[in-house]
Amino acid sequence: MQYWSQTKINAFQKTLLTWYDQEKRDLPWRHDHDPYHIWVSEIMLQQTQVQTVIPYYQRFMAVFPTVAALAAAPEAELLKAWAGLGYYSRVRNMQKAAQQLIEDYQGIWPQTANELQKLAGIGPYTAGAIASIAFGQPEPAVDGNAFRVFARLFEIDADIAKPQTRQIFYDLIKEVISVERPGDFNQAIMDLGSSYMTAKNPDSAHSPVREFDQAYLDGRELDYPVKTKKPRPLPVDYFALLVKTPKGYLFEQRPNRGMLAELWTVPLIKWDELTAEPETKLLPELVALTAQQFAANTGIQLTPALIGGKPVSHTFTHQKWQITLLYVELAQVPDLSYFPGRVVMPADFAELALPKVQLKIWQRYQQLRQQ
DNA sequence: GATACGTGGAT
DNA sequence: TATCCAAGTAT
């Protein structure tokens, strides 16, 4: 790895920061350097786009304005504030970290990246972001943007999908980061990566740092960063049970680990938990098995019927759910002693933390009912 | 060091 | 529709 001369580093910093001073985005978490504000925004922004985060950030700050408020929040309120954002362990870890801050650090934020990483949910990237933005430490914040921008500037061929590659970029950025304005430097790289130096359709020709961009100068910017592909999501078949009772629809709270942990959905039954080879069965047979399985698990007897031909489809990072809707109406609310759930009127759905897949199921159900 | 973990936008 | 990408972390 050949690094730049100090003269070139100085020129790069000046060009980058001058551009940032003129063109930086006005974002809600850029109004001050409060570590709580920086932290919440950085956690929300993990694998999530800015425009998605903004309304969540504003609501979250209104409900949980301080570390102490977050530490003391009931988990149901926490999950409701996060519902729809995804990666729900982020918010549970954030509450753990808030409690760590109060109990282990007397409410005083540690200011180094190493100490920050001891807090739940704060890894190397987020530690670098908080240390640099909130505390002015010359610490790289190596996110997807930094990988892409520096891979192009230096034509780095290491595969950014591999964990050990992070060290290469960390060491490189450590050499070129502005010691006077490390937080602005890191944020400028992120703004650059989401404007001129995007993954697809970059506009390197108008980038403020085009003369430092070796991949652009060589006409090879689309060759960087090098990143191996991930496997596609595997299809998983489910039935969703829409159980209507006089006091509302039946919902269950999902287990405290795994997909959508502790969020609420209507009961979902995996086809391959009904039988070893669901693809060999006819649909009516699988529906009957669903009722059997549900009765065995909950003590609740049902005679559900199919209500729609086309399944609801919802794709996660590594699973693609195909959900067939079943419907049954009960004359009275069943005994819920052996079931981690409750019945809820549609007007009260807002009391629950509902993932997007549940909203899709409900939308489809409403459409089908109107026909 | 692979893999699990959500969602929305762009093409 | 399929695919990839977006301010990653925990296990």
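Small disclaimer: the values here were computed from a predicted structure and weren't measured.
Note: A/His314 and A/Phe316 have perpendicular aromatic rings, judged against thresholds of 30 and 60 degrees for the angle between ring planes.
Using modelled atom types and a 3.5 Å distance limit, the side chains of A/Asp159 and A/Thr165 yield no donor-acceptor pair. If you check the side chains of A/Tyr170 and A/Glu139, you find a donor sitting under 3.5 Å from an acceptor.
Salt-bridge check for A/Asp21 with A/Arg181: passed, with a basic side-chain N closer than 4.0 Å to an acidic carboxylate O.
Remark: the A/Thr317 side chain and the B/dG6 base include a donor-acceptor N/O pair separated by less than 3.5 Å. The base of C/dG8 lies outside donor-acceptor range of the side chain of A/Tyr125, with no N or O pair under 3.5 Å. At a cut-off of 3.5 angstrom, counting only N and O atoms as typed in the model, there is no donor on one side facing an acceptor on the other between the side-chain of A/Thr315 and the base of B/dG6.
Heavy atoms of A/Lys320 sit under 4.0 angstrom from primed sugar atoms or phosphate atoms, though from no base atom. Residue-level contact check: A/Val53 touches neither bases nor backbone, having no heavy atom under 4.0 Å from any strand. Residue A/Leu27 is in base contact, counting any heavy-atom pair closer than 4.0 Å across all strands shown.
Taking atom P in both C/dA6 and B/dC5, the straight-line distance is 23 Å, to the nearest Å. B/dG6 and C/dT11 are spaced 14 Å apart, taking the P atom of each and rounding to whole Å.
Remark: P of B/dG6 and CG of A/Asn93 are 12 Å apart, rounded to the nearest angstrom. Here the P atom of nucleotide C/dA6 and the CE atom of A/Met44 are 21 Å apart, to the nearest Å.
In the displayed structure, A/Arg232 atom CZ is contacted under 6.0 Å by at most 12 heavy atoms of other residues, nucleotides or ligands.
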**Secondary-structure string, 5' to 3', Watson-Crick or G-U under 3.5 Å, | for another-strand partners, for DNA chain B** = .||||.|||||
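Within residues 131-142 of chain A, no residue has any heavy atom under 4.0 Å from DNA chain B.
Here the options are A/Phe154, A/Trp19, A/Trp4, the test is ring-ring contact (aromatic ring centres under 6.0 Å, His included), and the partner is A/Phe12; only A/Trp4 passes.
Residues A/Leu234 and A/His318 form no side-chain contact, since every pair of their non-hydrogen atoms from C-beta on lies 4.5 Å or further apart.
A sub-4.0 Å separation between OP1 or OP2 of B/dT7 and a side-chain N or O of A/His314 is present.
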**Message:** Walk me through whether A/Thr112 and A/Asn114 qualify under side-chain hydrogen bond (donor to acceptor under 3.5 Å, both in side chains).
**Reply:** CA-CA 5 Å; A/Thr112 64; A/Asn114 270 346; 6.0 Å; no
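Listed nucleotides: C/dG8, B/dG6, C/dT3. Nearest to the side chain of A/Gln46: C/dG8.
Atom-to-atom distance recorded for A/Asp237:CG and A/Lys320:NZ is 10.5 Å, nearest 0.5 angstrom.
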